[in-house]
Amino acid sequence: MKLDLEIVLSEYENVLGGYTGLFCFRLINLCVKADPSCLLPAVIKVRGQEMKIEQVAKVGIRAEDQLDVYPLHEDLMLPISKGIMEIHPEFKMSEEKAKLDNGKDYRYLRFTMPEVNKDRRDVLNNGVEVFFNECKTQGDTAKQKYALKMKNEMRGCSRQDVDEAQDKFDSISDNFKKMINTIVEDKKKEIAEAYQRYCENQSNSASVLNQSAAHNDSAKSSFRGKK
């Protein structure tokens, strides 16, 4: 295949790969499960300097819906909390303590993802659709742009080179569509499962309350009977 055609195809594939990566990153920040990557956009302002989370803290997953952030220095607690809450105001933040080997207290931050109730489920699904449509539009625009570049480079090429280049172009386009569709399906499944867990927890809580109320009524009836 003509070298210039190969260069165009490589550029096209790289551009779509960039759109796919950005799409994944945006969906990670529609937080359902704890993922340290969701803190990457945070800007931590320390004495007039803007720093990334990895420069000021270590991050660990405590539970499926909780992240623990361990500041590298105690003075970083406030700027870290401000930076994270700016990008994720929906998080619940708490200050935790742990004992060091020397017996001293070590303070760190815990961030809990909100429960996925009906309202949050709808917000998350709407966000997924917005980002998905934007990614599709970017892909369609790139396809038109690189199809034109391909056409210009195909002038004077053999039939074999033209067919080979077109097949490769179509394969790149199809793979992009399949990839972003799979990403969307996985994210929506994650949201649906989180909502199901919320409903089950609500149902279990209601059941416990009903059992407690029934027990209290039974106890009152028994007490009146004894009187």
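Computed from a predicted structure; not experimentally measured.
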Would you name the heavy atoms of Val69 and Leu39 that are closest together and state the gap between them? CG2-CD1, 3.9 Å
Check: Ser203 side chain, Cys199 main-chain N or O, donor-acceptor pair, under 3.5 Å: no
Please round to the nearest 0.5 Å and tell me the distance separating atom CD of Gln138 and atom CG of Asn133. 11.5 Å
Between the side chain of Lys143 and the main-chain N/O of Ser173, is any donor-acceptor distance below 3.5 Å? no
Can you see which heavy atom on Gly83 is nearest to which on Ile44, and at what distance? CA-CD1, 4.0 Å
So does Cys38 get a backbone contact from the side chain of His88, meaning a donor-acceptor N/O pair under 3.5 Å? yes
Within the supplied structure, the quantity of interest is the number of heavy atoms (other residues, nucleotides, ligands) at a distance under 6.0 Å from Glu95 CD; does it exceed 12? yes
Over all heavy atoms of both residues, which pair between Leu27 and Lys187 is shortest? Give the atoms and the distance, please. O-NZ, 2.9 Å
Is there a side-chain contact (heavy atoms from CB on, under 4.5 Å) between Glu54 and Val59? Walk through the geometry before answering. CA-CA 8 Å; Glu54 63 267 24; Val59 181; over 6 Å; no
Would Lys136 and Asp140 pass as an ion pair if we require N to O under 4.0 Å? no
Hey, are Lys33 and Asp65 close enough for a salt bridge, meaning a charged N less than 4.0 Å from a carboxylate O? no
Hydrophobic clusters here meaning ILVMFWY residues chained together by side-chain heavy-atom distances under 4.5 Å, can you tell me if Ile61 and Met93 are in one? yes
Does the side chain of Lys45 come within less than 4.5 Å of Pro79's, by heavy atoms? no
Main-chain N/O of Lys52 paired to Gln55 side chain as donor or acceptor, under 3.5 Å: yes
Heavy-atom check, side chain of Glu6 versus side chain of Glu164, under 4.5 Å: no
So for atom CG, which belongs to Asn102, do other residues, nucleotides or ligands contribute more than 12 heavy atoms lying within a distance under 6.0 Å? yes
Return the CD to CG distance between Glu74 and Asp105, rounded to the nearest 0.5 Å. 9.5 Å
Please tell me if the side chains of Phe25 and Asn29 come closer than 4.5 Å, counting only heavy atoms from C-beta onward. yes
Going by heavy atoms in the side chains, are Cys24 and Ile183 under 4.5 Å from each other? yes
Is any side-chain heavy atom of Leu3 less than 4.5 Å from a side-chain heavy atom of Ile7? yes
Evaluation steps, side-chain contact (heavy atoms from CB on, under 4.5 Å), between Asn125 and Lys188: CA-CA 7 Å; Asn125 280 327; Lys188 287 188 172 182; 4.0 Å; yes
Is there side-chain contact between Tyr106 and Lys97, with at least one heavy-atom pair below 4.5 Å? no
Test ring-ring contact (aromatic ring centres under 6.0 Å, His included) applied to Phe169 - qualifying residues, sequence neighbours left out: Tyr12
Quick test of your reading of the model: are Arg197 and Glu64 salt-bridged, counting only N-O distances below 4.0 Å? yes
Taking side chain as C-beta onward, heavy atoms only, is Tyr146 less than 4.5 Å from Val15? yes
Between Arg159 and Asp163, does at least one N-O distance fall below 4.0 Å, as a salt bridge requires? yes
Quick one: are Phe176 and Cys135 in side-chain contact, heavy atoms under 4.5 Å? yes
Determine the minimum heavy-atom distance between Pro71 and Ala57, stating which atoms define it. CA-CB, 4.0 Å
Classify the ring geometry between Tyr108 and Tyr70 as parallel (under 30°), tilted (30 to 60°) or perpendicular (over 60°). tilted
Mind checking what makes salt bridge (Lys or Arg N to Asp or Glu O under 4.0 Å) contact with Glu86, not counting sequence neighbours? none
For Arg120 and Cys31, work out which heavy atoms get closest and say how close. NH2-O, 2.9 Å
Side chain to side chain donor-acceptor pair (under 3.5 Å) between Asp170 and Gln166, intermediate numbers included: CA-CA 6 Å; Asp170 292 341; Gln166 188 62 55; 3.0 Å; yes
Set out, in order, the CA-CA distance, both residues' side-chain angles and the distance that settles side-chain contact (heavy atoms from CB on, under 4.5 Å) for Leu109 and Asp68, then state yes or no. CA-CA 6 Å; Leu109 298 167; Asp68 283 346; over 6 Å; no
How far apart are the closest heavy atoms of Val116 and Ala194, and which atoms are they? CG2-CB, 3.6 Å
Is there a donor-acceptor pair closer than 3.5 Å between any side-chain N or O of Thr20 and the backbone N or O of Leu16? yes
Please say whether more than 12 non-hydrogen atoms of neighbouring residues, nucleotides or ligands are located less than 6.0 Å from CE in Met179. no
Could you go through the side-chain contact (heavy atoms from CB on, under 4.5 Å) check for Glu134 and Phe23 one step at a time? CA-CA 9 Å; Glu134 184 175 335; Phe23 182 45; over 6 Å; no
